[in-house]
Amino acid sequence: MSETKRCALITGGSRGIGRAIAVSMAGEGYDLVIGYAGNSAKADETRELCFNAASTNGKEIRVISVQADVATQEGAKALVEAAMNEFGRIDVLVNNAGITRDGLLMRMSTEDFDDVIATNLKGAFLMTREVARPMMKQRYGRIINISSIVGLHGNAGQVNYSASKAGLIGLTKSTAKELASRNITCNAIAPGFIGTDMTKEMTDAAKEATLATIPMKKAGEPSDIANAALFLASEKSSYITGQVLGVDGGMGC
Ligand code: NAP
């Protein structure tokens, strides 16, 4: 990291992959805004883990957690305002908040389709639009969208989710082109099968079937995604933009 004290805003930072990203960034000395939907106990736990990670590495950081629904314009505004009020800058935005409402196409309700698009895709658009101005003023920014392997390859039972994750890739590439001249990069990570609350909901049969498609024959850890996010947030990735980085044990190759 350069000498500038960097601030990262992570949506869905209270659990799973978002938590792992927050804790890794804390260890590198980033000030943090942890967004979450409703589980304040998990957000508090993550805050503590972040302080521990920072102090283990001899870093001093500030961390705030903010409850806000990224699917609404008010929620996105509230997150960015909280970050700007507390830290005066946002260097890294990680659009990680995501939900599933799985079901076969023929039986999927319009509501389940809309809810997933609203959180996973529209939420990322609203957040990106809000941070664009402060990042352009700073002439620095890193936007990281957490897509999915199913956004690249599709998955039976997930037309809503895979459409949202494919949409995120288009959002990533277009944002990259629009903001590149302002020294703002925008990249996506496409995780494969990662052990979190989201994947706990799968049946044992579905888990086994998925594991069988992974060349490395094991699920990934949230920290595997965090390592990729740390790289894309760092100065070391400054000439990389508009890319999709698969972190999937070979599943997508
Ligand atoms: P998770 O454990 O279910 O955590 C989801 C996080 O998103 C929580 O912090 C939750 O907040 C937050 N959230 C949900 N809806 C929100 C909303 N409307 N507004 C604000 N925050 C919201 O999920 P995960 O497995 O870590 O997944 C994180 C991201 O990775 C998601 O985008 C997911 O699609 C993607 N991904 C996951 C996998 C995987 O195998 N796990 C694979 C590919 C991609 P609360 O704690 O308050 O509910």
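Both counts, for ligands and for their atoms, begin at 1 and track the order of listing.
Put simply, CG on D224 and CE on M216 are 9.0 Å apart, with the number rounded to the nearest 0.5 Å. Atom SG of residue C50 and atom CD1 of residue I64 lie 12.0 Å apart, to the nearest 0.5 angstrom.
Atom 20 (C) of ligand 1 has as its closest protein heavy atom A68 O, 3.2 Å. Remark: minimum distance from atom 40 (O) of ligand 1 to any protein heavy atom is reached at I194 N, 2.8 Å. In terms of protein heavy-atom proximity, atom 34 (O) of ligand 1 is nearest to Y161 OH, 2.5 Å. For atom 42 (C) of ligand 1, the nearest protein heavy atom (residue, atom name, distance) is G192 O, 3.1 Å. For atom 12 (C) of ligand 1, the nearest non-hydrogen atom of the protein is G12 CA, 3.5 Å. Remark: minimum distance from atom 9 (O) of ligand 1 to any protein heavy atom is reached at S14 OG, 2.7 Å. Taking atom 25 (O) of ligand 1 as the reference point, the nearest protein heavy-atom neighbour is T196 OG1, 2.5 Å. With respect to atom 31 (C) of ligand 1, the closest heavy atom belonging to the protein is N96 O, 3.1 Å.
Near A97, meaning under 4.0 Å from one of its heavy atoms, ligand 1 places the atoms 7 (O), 13 (N), 21 (N), 22 (C), 32 (O). Residue contact check: S148 has heavy atoms under 4.0 Å from atoms 43 (C), 44 (C) of ligand 1.
Classification of K200 and D197 as a salt-bridged pair holds, one side-chain N sitting under 4.0 Å from a carboxylate O. A salt bridge between E45 and R19 is present, with a side-chain N of the basic residue lying under 4.0 Å from a carboxylate O of the acidic one. Between K5 and E60 there is no salt bridge, since no side-chain nitrogen of the basic residue lies less than 4.0 Å from a carboxylate oxygen of the acidic one.
Annotation: T199 places no N or O atom under 3.5 Å from an N or O atom of ligand 1; distance criterion only. At under 3.5 Å, a nitrogen or oxygen of D69, whether backbone or side chain, sits near a nitrogen or oxygen of ligand 1. The distance criterion of under 3.5 Å between nitrogen or oxygen atoms is not met by P191 with respect to ligand 1.
Each of L230, I146, I189, I144 was checked for a side chain to side chain contact (heavy atoms under 4.5 Å, CB included) with I21, and the lone residue meeting it is I146. Here the rule is side chain to side chain contact (heavy atoms under 4.5 Å, CB included) with F125, and of N95, V70, L168, L171 only L171 fits it.
For the residue pair T172 / N145, a side-chain donor-acceptor distance below 3.5 Å is found, with atom types taken as modelled.
Distances from atom 5 (C) of ligand 1 to the heavy atoms of G35, G16, G98, G18 show the closest one on G98. The nearest non-hydrogen atom to atom 14 (C) of ligand 1, considering only I99, I17, I146, comes from I99. When the heavy-atom distances from atom 44 (C) of ligand 1 to G75, A20, G13, S147 are ranked, the shortest goes to S147.
Residue-level proximity to ligand 1 for K165 is carried by the side chain, the only part with a heavy atom below 4.0 angstrom. Contacts between V70 and ligand 1 below 4.0 angstrom, taking non-hydrogen atoms only, involve backbone and side chain alike. By the criterion of a heavy-atom distance under 4.0 Å, both the backbone and the side chain of R15 are placed next to ligand 1.
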(request) Go through the steps to decide whether I214 and D248 satisfy the test side chain to side chain contact (heavy atoms under 4.5 Å, CB included), and finish with yes or no. (result) CA-CA 8 Å; I214 305 174; D248 59 13; over 6 Å; no
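Nearest heavy-atom pair, V92 versus Y30, reported as atom, atom and distance to 0.1 Å: CG2-CE2, 3.8 Å.
Within a 6.0 Å sphere centred on CZ of R133, heavy atoms belonging to other residues, nucleotides or ligands number 12 at most. Under a cut-off of 6.0 angstrom, the local environment of CZ in R89 is crowded, with over 12 non-hydrogen atoms contributed by other residues, nucleotides or ligands.
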